[in-house]
Amino acid sequence: MPPIRTSAALPTRWCLLARGVAGGLVAVLISAEGTEMQRIQVSATELGVFVAELELAESPRWVWASTADLYPGLLAAGVKVARCHDLRLCHQILSNSAFVTEPGPLMAASHWVSDASVPEPSTPGRFPTLFDIEAPAVTQHAPESVDEAVSEFARQREAVKSSTEPGRLSLLLAAESVGALVAAELSSAGIPWDTAEHDRILSEALGPRPATYDAKPAKLAAAGTAVREALRDPNAALDSPPKLLRALRAAGIDVASTSQWELAEHTHPALAPLLTYKKLARLLSANGWAWLDEWVHDGRYRPVYVPGGVVTGRWASSGGGALQLPRQLRPALRADPGWKLIMADVSQLEPRVLAAISGDEAMARAGRGRDLYSGIVESGSIESRADAKLAMLGAMYGATSGDSGRLVPRLRRVFPAAMRLVDEAASIGERGGTVSTWLGRSSPPAEPEWREVQSAASLPGATRRDEDVARRTARDRGRFTRNFVVQGTAAEWALAWLGEIRRRLTSFPPVSEAQAAYASGPGFSRVPHLAFFLHDEIIVHAPEEHAEAVAEIVRESADTAGRILFGHTPVDFRLDLRVADRAATE
DNA sequence: CGGGGAGGCGCC
DNA sequence: AAAAGGCGCCTCCCCG
């Protein structure tokens with residue numbers, strides 16, 4: 001590995017890492033002016049040391065095809081980086097953004113848009129090591145050449161520079177990229193998981209753990225028996241919706257489906273035990289002992305997060321359903337001895353984001369320093385907090401009927417600016433147009449099939465049915481774009497929050513080896529680290545002595561995130577924040 | 001026998 | 001199609 005040539009006059013601003021021809025990697029040092037200064041061959045075994053040294057010396061922004069490919073291996077070697085530019089994620093944003101004026105060259109490089117597939121750990125719970133960087137199984141993307149990566153990066157910088165909103169797009173790309181770093185770090189650190197507590201919750205609900213996975217736990221079996229007795233049908237099948245539906249109807253229960261909401265509207269002695277049965281069966285199959293055995297190892301649950309996995313910019317997850325963990329199991333999320341969990345979620349994030357992007361002063365005031373829904377009640381337009389929440393969700397999701405739809409017009413009177421913004425977003429979507437988040441992530445274009453349905457309805461021979469279908473699909477799309485601007489901007493706020501927390505957590509000195517968390521990844525066991533993220537909530541795992549300082553960082557980072565996105569805004573972003581040993585059920 | 005859709009339900 | 005957006009994942013069941 002040749003020495004790195006850098007100087008104070010021309011420091012390295014970016015270091016691009018791409019796969020070379022011989023299976024190793026090539027590092028390309030680029031100055032702030034965009035001048036390529038040096039190319040260095042780096043073998044896979046040298047990579048960790050190379051990155052660690054350059055990070056320490058110059059802290060460049062690392063540019064690579066995919067964080068999900070490269071970073072887990074570095075983390076496994078204990079190497080962290082402060083900043084990166086994820087070419088794949090940024091390409092995805094730029095190639096679709098309405099802020100980008102000349103998307104031509106980016107669109108052409110279609111291989112930068114891979115599907116959202118991420119490298120799965122080859123065995124559940126096991127995370128790739130540095131060695132895996134070379135393994136083809138982990139490299140699911142076409143191996144782009146160094147030159148291709150360099151020119152893609154240049155095109156992306158040009159696309160931002162020539163866009164209508166370079167400032168916002170730069171922020172978005174940085175936020176998306178830091179999100180990718182956080183995602184990999186969350187998997188590396190893992191969620192501290194109390195297996196005994198999880199087992200206790202399962203045993204209490206379902207009865208003792210059966211000897212095999214297919215055996216029904218006692219309380220589940222008992223609920224099933226109670227249902228069959230009440231139905232007077234000893235052979236009723238409960239796990240198959242079609243069969244269950246027939247059994248219910250045979251017993252005189254007039255339902256069209258077997259879903260909970262519909263069962264709740266009828267009275268019959270079979271229904272209470274049936275709802276119990278469904279709850280228990282769900283717990284067992286989704287998060288039962290099999291889940292525990294598959295996903296929790298050495299006191300850590302390590303899901304795979306997929307940044308940008310949702311069109312709106314939210315993260316998706318893969319493996320164990322990390323974003324759908326039932327509240328019931330939250331107590332199993334527990335700090336290591338001598339450590340604490342700092343848990344925070346944002347109160348009414350999406351409504352506050354809507355108030356900020358629409359500049360709705362009244363809405364900002366309703367939430368200022370208090371629960372936003374209570375603020376709406378105090379303003380006198382809606383009687384109860386529950387109704388205020390229902391109305392707000394209806395406004396953001398596009399409810400037209402039912403309790404929610406009935407309440408929405410009241411919000412239109414008190415928050416005209418906010419409602420105008422979402423109504424306009426819906427109207428654009430219904431007409432087949434594109435909407436964008438605050439920082440410039442744009443909704444996908446209307447599908448050709450969607451356009452065909454619309455034009456078919458306006459042809460001379462169109463039937464009533466054609467028109468109905470067109471109207472319905474237009475409204476479906478309107479509800480999507482209505483929600484897109486709010487959900488997508490909320491995701492951007494959350495990325496800014498995450499990135500700021502992450503940045504500020506690096507200021508803590510490591511605790512002693514004796515105080516180390518016993519199973520966090522090599523880079524995390526002695527310092528406060530993010531352990532969980534769920535759209536608008538985070539959990540930091542921190543040594544007890546740092547817990548209060550971390551809490552303050554989490555709070556301040558929420559204010560900073562608001563300023564990063566919206567500058568001076570009357571909207572505040574309030575947190576519910578708790579420091580404890582374990583997450584509570586509430 | 002595996003893939004994929006539907007029903008259903010967990011999270012925000 | 002539960003009045004309303006975004007997901008993942010389980011089981012069942014049909015199909016090739």
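Here is how names work: the chains are called A, B, and so on, in the same order as the sequence lines, proteins then strands, and each is numbered from 1. This one's a predicted model, so the numbers in the text were calculated from it and none came from an experiment.
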Please state how far atom CG in L421(A) lies from atom C1' in dG5(C), giving the value in whole angstrom units. 15 Å
Quick check on contacts: within residues 247-263 of chain A, what sits under 4.0 Å from DNA chain B by heavy-atom distance? S257(A), T258(A), S259(A), Q260(A)
Could you give the distance from CZ (R352(A)) to CG (D536(A)), rounded to the nearest 0.5 Å? 11.5 Å
Side-chain ion pair, R482(A) and D423(A), N-O less than 4.0 Å: yes
How close or far is atom C1' of dG6(C) from atom CZ of F484(A), stated in whole angstroms? 11 Å
Sugar-phosphate only, base, or nothing, as touched by L390(A) at under 4.0 Å among non-hydrogen atoms: base
For a quick test of reading the model: is some side-chain N or O of S240(A) closer than 4.0 Å to OP1 or OP2 of dC13(C)? yes
Are the side chains of R88(A) and H91(A) in touch, meaning some heavy atoms are under 4.5 Å apart? no
Calculate the interatomic distance between W497(A) atom CH2 and dC12(B) atom C1'; express it in whole Å. 13 Å
If the P atom of dA4(C) is compared with that of dG4(B), how far apart are they to the nearest Å? 31 Å
Strictly by Watson-Crick or wobble contacts shorter than 3.5 Å, is anything paired with dA4(C), and which nucleotide is it? none
Does the side-chain contact (heavy atoms from CB on, under 4.5 Å) test come out yes or no for W315(A) and L498(A), once each step is laid out? CA-CA 12 Å; W315(A) 289 9; L498(A) 266 185; 3.9 Å; yes
Test of ring centre spacing under 6.0 Å for W291(A) and Y301(A): yes
Presence of K243(A) side-chain N/O under 4.0 Å of dC12(C) phosphate oxygens OP1/OP2: no
Does R327(A) put a side-chain nitrogen or oxygen below 4.0 Å from OP1 or OP2 of dC12(B)? yes
Once you round it to whole Å, what is the distance between P of dC12(B) and CG of D576(A)? 13 Å
Would you check if the distance from the ring center of W289(A) to the ring center of H198(A) is below 6.0 Å? no
Between dG5(C), dG10(B), dC9(B), which one does the side chain of K278(A) approach most closely? dC9(B)
Tell me whether the side-chain N or O atoms of Q324(A) pair up with the base of dG8(C) as donor and acceptor below 3.5 Å, since no angle test is needed here. yes
Looking only at side-chain N and O atoms, does S317(A) come under 4.0 Å of OP1 or OP2 in dC7(C)? no
If you check every side-chain atom of D239(A), which of dC7(C), dC12(C), dG8(C) has the closest atom? dC12(C)
When all nucleic acid strands are considered with a 4.0 Å heavy-atom cut-off, which category describes V486(A): base, sugar-phosphate, or nothing? nothing
Do any side-chain nitrogens or oxygens of R282(A) fall under 4.0 Å of OP1 or OP2 in dC9(B)? no
Once you round it to whole Å, what is the distance between P of dA4(C) and CG of L354(A)? 19 Å
L238(A) CG to dC10(C) P, in whole Å, measures 21 Å
Please state the P separation for the pair dA1(C) and dG6(C) - nearest whole angstrom. 12 Å
The nucleotide from dC12(B), dA4(C), dG10(B) with an atom nearest the side chain of R330(A) is dC12(B)
Starting at the 5' end of DNA chain C and moving along, which residue's nearest nucleotide shows up first, E265(A) or G321(A)? E265(A)
Anything under 30° is parallel, anything over 60° is perpendicular, the rest tilted; go ahead and classify F480(A) against F484(A). perpendicular
Atom-pair distance (CD on E537(A); C1' on dG10(B)), nearest Å: 14 Å
Taking the six-membered ring of W438(A) as reference, does the NZ or CZ atom of R168(A) fall below 6.0 Å from its centre and within a 45° cone about the axis? yes
Of the options dA4(C), dT11(C), dG6(C), whose atoms approach the side-chain atoms of S404(A) most closely? dA4(C)
Output the rounded distance in Å from CG (D345(A)) to C1' (dC11(B)). 13 Å
Remember a base hit wins even if backbone is also touched, and classify L534(A) as base, sugar-phosphate or nothing at under 4.0 Å, heavy atoms. sugar-phosphate
Counting the atoms with a prime plus P, OP1 and OP2 as sugar-phosphate, which does L325(A) contact under 4.0 Å by heavy atoms, base, sugar-phosphate, or nothing? sugar-phosphate
So what does G398(A) hit on the nucleic acid, given a heavy-atom distance under 4.0 Å: a base, only sugar-phosphate, or nothing? sugar-phosphate
Using a 4.0 Å heavy-atom cut-off, does G394(A) contact any base of the nucleic acid, only the sugar-phosphate backbone, or nothing at all? nothing
State which of dC11(B), dC12(B), dA4(C) makes the closest approach to the side chain of D536(A). dC12(B)
Are K243(A) and D233(A) within salt-bridge range, i.e. N to O under 4.0 Å? no
